[in-house]
Amino acid sequence: MSIKERNERLQLLQGTLDMLILQTLQWGPQHGLGISQVIGNKSEDLIKVEAGTLYPALHRLEQQGWVASEWKVSDKNQRAKYYRLTRAGKKQLIAEQSKWKQLLKAIRLVMRPSGKQEGA
Amino acid sequence: MTNIFRRVKAVLSRHRLEQDLQDELNSHLKMDAQERLERGDTPQEAHMNARHALGSTLRTAENVREAWGTAGIDRLMQDLRYAFRQMKRSPPFTLAAILTLGLGIGANTAIFSVVNAILLRPLPYKHSERLVRIVENIPAAESFSGAAERTTDMSPDSFQDWRSKTTTLSGMAMERQISKTLVARDAVRLSGLQVSPALFGMFEVQPALGRVFAPDEEKPGLDRVVILSFGTWQRVFGGDPQILGKTVALDNAPYTVVGIMPREFAYPDSQTEFWLPLSLPVPGLLGLPVVARLKDGVSLTTAAEEAAAIGRYMRGESSADPQPSGPPRIQLMTLKEELVGRIRPALVVFVIAVSFVLLIACVNVANLFLARAAARNREIAIRMALGAGRWRVLRQLLTESCVLALAGGIAGVGLAIAGTRFFVALGQGLARTDLVRFDLIGNAIPRLNEVAIDASTLLFTLLLTVITGILFGLIPAFQIGRATSITRMDLQFGTTAVPMRVVRTAMLVGQISLTMVLLIGAGLLIKSFMTLANTSLGYDPSNVLTFKIPQPALDYPQGEKAQKQQNAFAEEVARRLQLLPGTQAAAFTNNLPMVQGCFTWGGFGLGDATCKTGRMAVVSRDYFRAMGMRLIAGRGFAEQDRGNPQAVFLLNRAAVKAHFQGVNPVGKTVADSQGFLHGEIVGVVDDTRQAGPDTEPMPQLFMDPEHFQAVYGEGYYFVVRTTKDPAAILPSIRSIVHDLDPKAVVDNVATMDQVISNSITTPRSYAALLGTFAAAALALATIGLYGLLSFFVKERTQEIGIRVAIGAQTADVIGLVLKHGLGMSIAGLAIGLAGSAILMQYLQTMLFGVAALDPVTFTAVSGLFLLVAFLASYLPARAAATIDPLKALRYE
């Protein structure tokens, strides 16, 4: 990829990838390739998750007990390792989402163009 | 916690995880390729693009492993494999390093296990730190021997007084070591302890069976009860469960068994086989040791203050009286301190000594590492050039050194097991054990039977091993970490970095200094021991067998008549011994040199109040001949003295000096103020060192048994001078005694040589131990010197070759190397001598007849070391001299 391409792609905040993966798995079990495709598509290719970061993240989440994995045959008749959200993973996702909303709100407040005080 | 658990699980199921990961990445690749195929790529393009999109599978796998948390372990395993490969690559290096470290670690482990058992571990009693002894420091002016003394003995009157006054002690007990003949199937001699009944409560010990003594059992008449040790109950009574309430005969008197102590209870030591109550008052008894227990919540200091006050009160002093300088008159010491305090300085010396040995071993191995590091510089430079961080290389080197140290530690534990056995054997005396052990004085290393390699020792060794590994690994590693720029130079010129050479020289000089300190210490102790062993004892101990027949031999009535009968019995035994083939002389005495329990009977005065006192000994007619003592003036005891109502005495030279100003006293009459002694002096014998070779002879008076009026209840020691092997006549002796009295026991059998050998056991073990350490240090330092010089020669082969080529003679080359070697040796020697002069003061208490700065030892040791250093330097020098200039120039 070119330097321009790389610069346009967004660097993920620390820990955000974990949240994105959990979010993706919300709709059902998915394999590694599928997860990276979903994230890529939904972000309109602004975020590209490479295998070198995706798989360590998946294995880390599995170590934490937030996802579980099993080998299954895909609809295209391929053997693939599918990850699914565990109960603890769902809780973690909810926690991450609310943290994320807080963060977004805070950033939005800081990044406001004028110095108006909201609600004060 | 669960995290660690997961990691461990990950490590354990490692293989499966790896396989799974590979499958997963493969499936990713396959699916991606298939999708690309479906989107219209050619099969080849699809595969290539999918590969490209996946990126480096190796790096992905590495990152995933990181997520598993096993990466650190992976790297460690990798380093370990590498370390083992390195070790296998040069077996001589590895073996030398392991043996050297094994020696250092082993010696330290052995000494630690000794220090741990003797000094560190608490005594095996509950709350043993609250058990104390009352120690009295007697100033020289008041002491019997004329020198300042320390005693733990207290008179029974003082004991009772003290017990009624103390508010800080919750219990006090007097104790007396005794031995009694028990007649069960056969007559056996058992050793035991007479104690105040309070003792068991103070020690918080519950009997395994029955009960402990009741308080009123210290009253005479109620005291005929006995508690047996677990071992005695098993061994003598076959563990009879009905033993309680049974009567046993001890010295022919009936005692009721009231209790059995638990197996692990041993007071004062594991040789104690029974306990009797000590009934007060004990007539004629001068003093006994007292053991006391601090009241809960009372500190040792508070109790000691009270003890000092009670002591002053008992001596009739008020607290206003001026305190004499020196140690306090009354001291409280914990039981442990009282037991092991004496040996502490010696153990400290040994700890320092073994630390030196370990340091020297570390330096040697570090030097080996440095020598090899010089050879490995290329490899390390390449690794660093390839991007290995300094920390990564350092860790690799440390892993290597720790693996070596661990191997050394394992070798060391083996060595330590042998070493502690050696130490215990030394401490118990190396005398023949086919004869029975004696109640010896000077056999002074306490708690020796507790010495063992236990868990805490192994933990210590592990710690030591890791520290050692880091210590000797860090020196070369540090050097390498710094040496990158020099390394580049090395690659070009093939010479060693200069700083490295300086470090190695400095380490060698340090090593030599430490070795010198050890050698001098060992030299002093060995000289001290030799002095002790060669001290003239005043008698001839060779070919003399001694034994004791404890009395009263059971069926004798009490009183003066008993003494007569006892004497008659002893006379008869001596007469029959005399008839044995090979016997030159046979005699008996109540006061055998260097035997415990022979000093309680002592003290004679000569009339006027000012005269000094001395020891009194009862000896039979042939005693002087049997012991090989020299008669200086007059005559010995003779047949004509028998039946003569007038007693006759002999004095020793010291008594003549003390009481007669050296004038021949033969023919003079002696009498004491109590009218106990009255008779004529008929002879003078030479002095003997009665209390051991390190104690000056004291005044002694000898009398024959016939005129010995007091009731003496302990029996006699017999002395047989024989031309045969003493052990060979032992059966005859037993049968003689058995014929005369089947209930009499032949006890404490030993040759006089053994008795003496045992009395110098402690100095001998000190000398042997430090000698061993010094020898190890010398060997290590010699190897170090030799190795360094060999390396020096090898390194300068080219230079030497050029020198030879341009006309240097063999002598010049040898001189060059020798100068280098001896230069380092002399530097080390000088530092070592200076260090010794300072450190040897700590050795003072262990020396006898040798000054801590003994010039002879200092000179002799320096000479010996220089000789060894010369040899260690000469061999590499010779090697240098044989360098062929042609070959040398082609070298490298």
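Chain naming here is simple, since letters A, B, ... match the order of the sequence lines and numbering starts at 1 in each. Since the model is a prediction, treat every value here as computed from it, not as a measurement.
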Between A:R79 and B:K30, is the side chain to side chain contact (heavy atoms under 4.5 Å, CB included) condition met? List the steps.
CA-CA 9 Å; A:R79 243 181 112 253; B:K30 251 183 173 170; over 6 Å; no
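Atom CD of A:E44 sits in a sparse spot, with 12 or fewer heavy atoms from other residues, nucleotides or ligands closer than 6.0 Å. Applying the 6.0 Å contact sphere to CZ of B:R39 captures more than 12 heavy atoms from other residues, nucleotides or ligands.
Proximity to chain A (any heavy atom under 4.5 Å) is shown, for B:D23, by both the backbone and the side chain. Neither the backbone nor the side chain of B:L29 comes within less than 4.5 Å of any heavy atom of chain A.
Listed by chain and number, the residues in a ring-ring contact (aromatic ring centres under 6.0 Å, His included) with A:Y83 amount to none (sequence neighbours excluded).
Within residues 53-60 of chain A, the residues having any heavy atom under 4.5 Å from a heavy atom of chain B are, by residue number, A:Y55, A:P56, A:H59, A:R60.
Side-chain contact check for B:E24 versus A:H31: every heavy-atom pair is 4.5 Å or farther apart. You'll find the side chain of A:E50 stays beyond 4.5 Å of the side chain of B:L54, heavy atoms only.
For the atom pair B:L21 CG and A:K81 NZ, the distance stands at 7.5 Å (nearest 0.5 Å).
For the pair A:A80 and B:S27, the tightest heavy-atom approach, listed with the atom from each and the gap, is CA-OG, 3.7 Å. Of all the heavy atoms in A:L33 and B:D32, the pair that sits closest is CD2-N, 3.4 Å.
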